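Only one structure is covered here, and it is reproduced in the block below.
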Amino acid sequence: MAFLSDMLSRVKPSPTVAVTALARELKARGKDVIGLGAGEPDFDTPENIKAAARAAIDAGRTKYTAPDGIPELKSAIAEKFRRDNGLDYEPGEIIVSTGGKQVLYNALMATMNPGDEVIVPAPYWVSYPDMVRMGGGTPVIVAAGVETGFKLTPAQLEAAITPRTKWLIFNSPSNPTGAGYSRDELKALTGVLMRHPHVWVMSDDMYEHIAYPPFTFCTPAEVEPRLRERTLTVNGVSKAYAMTGWRIGYAGGPAELVGAMKTVQSQSTTNPCSISQWAAVEALNGPQDYLETARAAFLRRRDLVVEMLNAAPGVSCPVPEGAFYVYPDIAGCLGRVTPGGRRLETDEDFATALLEETGVAAVFGAAFGLSPNFRVSYAADDATLREACARIQRFCAALS
Ligand SMILES: Cc1ncc(COP(=O)(O)O)c(C=O)c1O
């Protein structure tokens, strides 16, 4: 009898977490490493939010809470959905979890049966396919390459749907490409979904607030209200308010699904951290000016990074609509040899050589299901980004 679960043979550890850990380890050993692998804002959590957490501790709000979140946070979330997305969710249609990641995990655990298919456009956030597999389902990966701006087309969606399709996982702006669907592009996808009433949509809106004009964010249940009854709208405070360590994510969706997710959660983590929930109340209800400050900084950095990477020989970097990632193509670097004598056959070779020979840590494209690319997170200060991009330029220029 095997000791470890068979499920583990279907999943692998998160490669983005692994790159971040390796960069941290090399740094601790004294190597000059610039980590552009992590998907988190470099800003500190705004002071008003930290103060709300301190106040929660002082007030003794340190006990178990309702599994699906404190009523005050659920009401702040309902208001946020109304204010930003024009969506009305009742308290029974809202759940708070330990990060957006646990929201997605709960939803898949609550709905996956063997043979169920989940459409995952690639490049994808690394956890989607593995979470689907952990639930016993089958990810159906559909490549959405640079020729369509890294976006799934209606024809691709139509072709991927089968009678076994349970979910489409939709993520805009996207991790890892930063691609954002316009209202018309999204409307075209929801049009396809209206013809297939058995398909649900899991909309991962984690990067909603990091969107660069003229692009404006929209979400499926808002664009096609008739889809609301089969849409889970997922969001969180991690990326928007620089709160990755606080671990608060949330979702709005049909009560039956949300209730099932609550059951999964009540038998695993019980409830998200009480103190973090009070901090999230302040994040959503308090002053929102941080959002604009962060967006302006990320926009400046996006332009800096895109320009510098496009100046690196063999690299082609599209301009993303949102999030804090770029996903350059490195086809022009493959088949060449680094100054350290490595022959670059894959984007994983590229990212490994880049880290070992220049100290820049970024994640290889194969981890996100679309090659040959690499993902750069530009959630770092301008000077650091300038130095990292200069190193990438020198590395690419020195390939022979
Ligand atoms: C697209 C996407 N969804 C969900 C998450 C998870 O967010 P959280 O840190 O709130 O669990 C991330 C974090 O990297 C992400 O990039």
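Please read all numbers here as calculations on a predicted model, not as lab measurements. For this chain, numbers begin at 1 and follow the sequence in order. Indexing begins at 1, ligand by ligand and atom by atom, following the structure's order.
At least one heavy atom of Tyr128 lies less than 4.0 angstrom from ligand 1.
Here the two rings, on Phe217 and Tyr207, have centers that are 6.0 Å apart or farther.
Any N or O atom pair closer than 3.5 Å counts here, and Tyr207 shares at least one such pair with ligand 1. In terms of polar-atom proximity, defined here as any N/O pair under 3.5 Å, Lys239 does make such a contact with ligand 1. Residue Gly100 has at least one N or O atom closer than 3.5 Å to an N or O atom of ligand 1. Residue-to-ligand polar distances keep Gln102 apart from ligand 1: every N/O pair is separated by 3.5 Å or more. For the pair Arg247 and ligand 1, the shortest N or O to N or O distance falls below 3.5 Å.
Selection from Asp204, Val126, Thr98, Val103 by nearest heavy atom to atom 2 (C) of ligand 1 gives Asp204.
Taking every non-hydrogen atom of Gly99 and a distance limit under 4.0 Å, the qualifying atoms of ligand 1 come out as 10 (O), 11 (O). Those atoms of ligand 1 that come under 4.0 Å of a heavy atom in Asn171, given as number and element, are 1 (C). Within ligand 1, the atoms closer than 4.0 Å to a non-hydrogen atom of Ser238 are 8 (P), 9 (O), 10 (O), numbered from 1 in the order shown.
Regarding atom 7 (O) of ligand 1, its nearest protein heavy-atom neighbour is Met206 CE, 3.3 Å.
Ion pair Asp130/Arg133 flagged as a salt bridge, since at least one NZ, NE, NH1 or NH2 atom sits closer than 4.0 Å to an Asp/Glu carboxylate oxygen. For Glu25 and Lys31, the salt-bridge test fails: no basic side-chain N is under 4.0 Å from an acidic carboxylate O. Salt bridge annotation for Glu208-Lys80: present, with a cationic side-chain nitrogen under 4.0 angstrom from a carboxylate oxygen.
A donor-acceptor contact shorter than 3.5 Å is absent between the side chain of Arg247 and the backbone of Pro272. A distance-only check finds a donor-acceptor pair linking the side chain of Asp349 to the backbone of Thr346 [under 3.5 Å].
For Lys101, heavy-atom contacts with ligand 1 shorter than 4.0 Å involve the backbone as well as the side chain.
Thr190 and Glu224 are not linked by any side-chain donor-acceptor pair at a separation below 3.5 angstrom, with hydrogens and angles left out of the test.
The aromatic rings of Tyr250 and Phe81 sit perpendicular to each other, their planes meeting at more than 60°, with 30° as the lower class boundary.
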